[in-house]
Amino acid sequence: MNAENPAAHVPSWQDLPAAQQPEYPDQEALREVVAELGTYPPLVFAGECDQLRARMGAVAKGEAFLLQGGDCAEAFDAVSADHIRSKLKTLLQMGAVLTYAASVPVVKVGRIAGQYSKPRSKSTETRDGVTLPTYRGDSVNGFDFNEKARIPDPERLKRMYHASAATLNLVRAFTTGGYADLRQVHAWNQDFVKSSPSGQRYEQLAREIDNALNFMKAAGTDPAEFRTVEFFSSHEALLLDYESALTRIDSRTGRLYDVSGHMVWIGERTRQLDGAHIEFASKINNPIGIKLGPTTTVDEALTYIDRLDPDREPGRLTFIVRMGADKVRDKLPELVEKVTASGATVAWVTDPMHGNTFEAASGHKTRRFDDVLDEVKGFFEVHKGLGTHPGGIHVELTGDDVTECVGGGDEIFVDDLHQRYETACDPRLNRSQSLDLAFLVAEMYRDQ
């Protein structure tokens, strides 16, 4: 154990305003749950967080590429082997495409084992004249539209911990127990190759990887690195009661780590400079991400660096930009230019999902695959023009054949959205669209 319960630690963020926090009706019940969570073992270890910080340092310096992806919001009823394996399989396939086709080391980070909470633009939701608190993720309240389900319940924080622990346990087993062995590149695709153009394209790449592995083996080299994969967890550090309970003092260094995940990020709605979330992020030693939308000013970006990365350590801070396809080429250049000129080495990552959401006539929230792709293209164009490094992609995706985003190689039309619209929150790329994106990103990276 390398993280101790911080009994003597008084959180400096506790008395600051915190946006997007649930209004629990029973504060005493909340205090009891938080105290109990404080006695639970770490979900990750401080040394693993340090390892990811080193990997993100390579991303920031232009030596590696970040692939970060997973559900918009995880659900307690989706903590099954099949769900977790299919998500992991999609990320492993995307990672294989990017590593082989772009010839770049890929740092793999899941939006997984903690992404149970969602910020919302409105605190209430009205249907047929009935107004109830909005659904804020399984960690807070229930998705069903009734009064009982929508009451924030602190017991759900313990369920989030246990669901995250079960998920991480299975992910560790898959990534170190043989499933992630590069010789499995064909096995990851068996259920998919016949029905999908992107599956067939992937199969061709898998054959090339096979040939390369066979050549290396014949030449007398068979590295152990091919048998396992480094895979890290991340989520938005939204619910500060939960994150604080899992923030511990590392016995090796005496520094604070949030042991709920390897990397946490601060969202577009909670990045207030005088707020509790930024203060919290400034105190923990994990690699930190911060979402930057189109309203972000240069002064704000430079202040985030001063607050969150005062030592200017590559790998500490990642700027995840979510501008929208129509704004990225206008808004991003000045930020990248001025941050680079300041001497800071941050990792620049594109989130092409959140700025491109719209509501279809059917009432479904959706995204066009072409818009997602165009924002990624704009992100690469800006970096190419400035001679800086496009560090990675951050996407909402699933390993299932859902119909939530329109377009892609297996084209999904607006009229198809209802067929398998399964997200509890934002629309995700399905497996085919995710692989399409990986191939296109690999081509863009090579062109840099």
Side-chain angles (χ1 to χ4, degrees), residues 1-14 16 18 34-60 66 68 107-117 139 157-158 160-162 164-165 167-169 171-172 230-267 270 276-290 304-305 307-318 320 346-347:
M1 188 72 71
N2 66 351
E4 297 168 353
N5 196 3
H9 168 65
V10 180
S12 58
W13 54 90
Q14 219 164 39
L16 294 174
V34 169
E36 186 177 339
L37 280 171
T39 68
Y40 287 6
L43 288 170
V44 303
F45 295 108
E48 296 174 327
C49 301
D50 292 343
Q51 198 176 8
L52 178 57
R53 212 171 56 243
R55 301 289 180 269
M56 290 306 300
V59 171
L66 173 69
Q68 188 171 12
V107 181
K108 299 166 200 67
V109 180
R111 285 175 61 108
I112 198 167
Q115 189 59 19
Y116 290 97
S117 319
S139 63
L157 297 176
K158 291 194 282 191
M160 169 159 64
Y161 174 93
H162 292 302
S164 299
T167 300
L168 276 172
N169 186 46
V171 166
R172 289 183 199 277
E230 276 188 352
F231 190 86
F232 299 96
S233 67
S234 69
H235 60 269
E236 180 178 353
L238 184 66
L239 300 186
L240 289 177
D241 290 313
Y242 179 80
E243 305 300 337
S244 297
L246 284 162
T247 294
R248 311 289 169 82
I249 297 169
D250 174 24
S251 57
R252 304 166 310 161
T253 62
R255 301 181 74 175
L256 285 176
Y257 284 80
D258 182 351
V259 292
S260 69
H262 298 111
M263 176 187 188
V264 292
W265 73 83
I266 306 302
T270 54
H277 289 86
I278 293 293
E279 175 66 13
F280 168 74
S282 75
K283 297 301 182 190
I284 58 173
N285 210 38
N286 306 56
I288 296 293
I290 183 162
Y304 291 134
I305 294 167
R307 289 284 303 279
L308 301 176
D309 183 25
D311 299 330
R312 303 296 193 266
E313 179 197 352
R316 161 64 178 170
L317 184 58
T318 298
I320 307 163
V346 303

Q) Where the side chain of H262 meets the backbone of S233, is there a donor-acceptor pair that is under 3.5 Å apart? A) yes
Q: Evaluate side chain to side chain contact (heavy atoms under 4.5 Å, CB included) for L239 paired with Y116, printing each intermediate quantity in order.
A: CA-CA 10 Å; L239 300 186; Y116 290 97; over 6 Å; no
Q) Is a side-chain N or O of N286 found less than 3.5 angstrom from the main chain of G261, in a donor-acceptor match? A) yes
Q: State, yes or no, whether a side-chain contact exists between I284 and D258 at a heavy-atom distance under 4.5 Å.
A: yes
Q: Measure the spacing between OG of S234 and CZ of F232 and express it to the nearest 0.5 Å.
A: 11.0 Å
**Q.** Heavy-atom check, side chain of W265 versus side chain of I288, under 4.5 Å
**A.** no
Q: For side chain to side chain contact (heavy atoms under 4.5 Å, CB included), just list the numbers for Y161 and L246, CA-CA rounded to whole Å, side-chain angles, deciding distance to a tenth of an Å, and then say yes or no.
A: CA-CA 9 Å; Y161 174 93; L246 284 162; 4.0 Å; yes
Q.
Is any side-chain heavy atom of E236 closer than 4.5 Å to one of R111?
A. no
Q: Compare all side-chain heavy atoms of M56 with those of T318 and state whether any distance is below 4.5 angstrom.
A: yes
Q) Can you tell me how far the CG atom of L52 sits from the CD atom of E230, to the nearest 0.5 Å? A) 8.5 Å
Q | D241 CG to Q14 CD distance, which is reported to the nearest 0.5 Å | A | 8.5 Å
Q: For R252 and D50, run salt bridge (Lys or Arg N to Asp or Glu O under 4.0 Å): C-alpha distance rounded to whole Å, both residues' side-chain angles, the deciding distance at 0.1 Å, then the answer.
A: CA-CA 12 Å; R252 304 166 310 161; D50 292 343; 2.7 Å; yes
Q | Spacing of NE2 belonging to H235 relative to CG belonging to L43, to within rounding of 0.5 Å | A | 8.5 Å
Q. Is there a donor-acceptor pair closer than 3.5 Å between any side-chain N or O of E48 and the backbone N or O of F45?
A. yes
Q.
List the residues meeting side chain to side chain contact (heavy atoms under 4.5 Å, CB included) with A276, not counting sequence neighbours, and say none if there are none.
A. W13, L16, A18, L240
Q: For residues K283 and S12, determine if any side-chain heavy atom of one lies less than 4.5 Å from a side-chain heavy atom of the other.
A: yes
Q: For D309 and E313, indicate whether the former's side chain and the latter's backbone hold a donor-acceptor pair under 3.5 Å.
A: yes
Q: Please step through side chain to side chain contact (heavy atoms under 4.5 Å, CB included) for the pair I112 and F231, ending with a clear verdict.
A: CA-CA 11 Å; I112 198 167; F231 190 86; 4.1 Å; yes
Q: Decide yes or no for C49 and N285: does some side-chain heavy atom of the first lie under 4.5 Å from some side-chain heavy atom of the second?
A: no
Q) Is the backbone of E243 close enough, under 3.5 Å, to the side chain of T247 for a donor and an acceptor to pair up by distance? A) yes
(Q) With rounding to the nearest 0.5 angstrom, report the CD to CG distance, Q115 to L238. (A) 8.5 Å
Q: Mind checking the CD1-CD1 spacing from I320 to I290? Nearest 0.5 Å is all I need.
A: 9.0 Å
Q. Closest heavy-atom contact between L308 and S282?
A. CD2-N, 3.5 Å
Q: Please confirm whether the backbone N or O of E36 pairs with a side-chain atom of T39, one donor and one acceptor, at under 3.5 Å?
A: yes
Q) How would you list, by chain and number, every residue that makes a side-chain hydrogen bond (donor to acceptor under 3.5 Å, both in side chains) with S117, sequence neighbours excluded? A) S139
Q.
Using side-chain heavy atoms (C-beta onward) and a distance below 4.5 Å, is R248 in contact with L256?
A. no
Q) Run the side chain to side chain contact (heavy atoms under 4.5 Å, CB included) check on Q68 and M263 step by step: do they pass? A) CA-CA 11 Å; Q68 188 171 12; M263 176 187 188; 4.0 Å; yes
**Q.** More than 12 heavy atoms from other groups under 6.0 Å of CZ on R255
**A.** no
Q) For Y242, what residues pass the side-chain hydrogen bond (donor to acceptor under 3.5 Å, both in side chains) criterion, not counting sequence neighbours? A) none
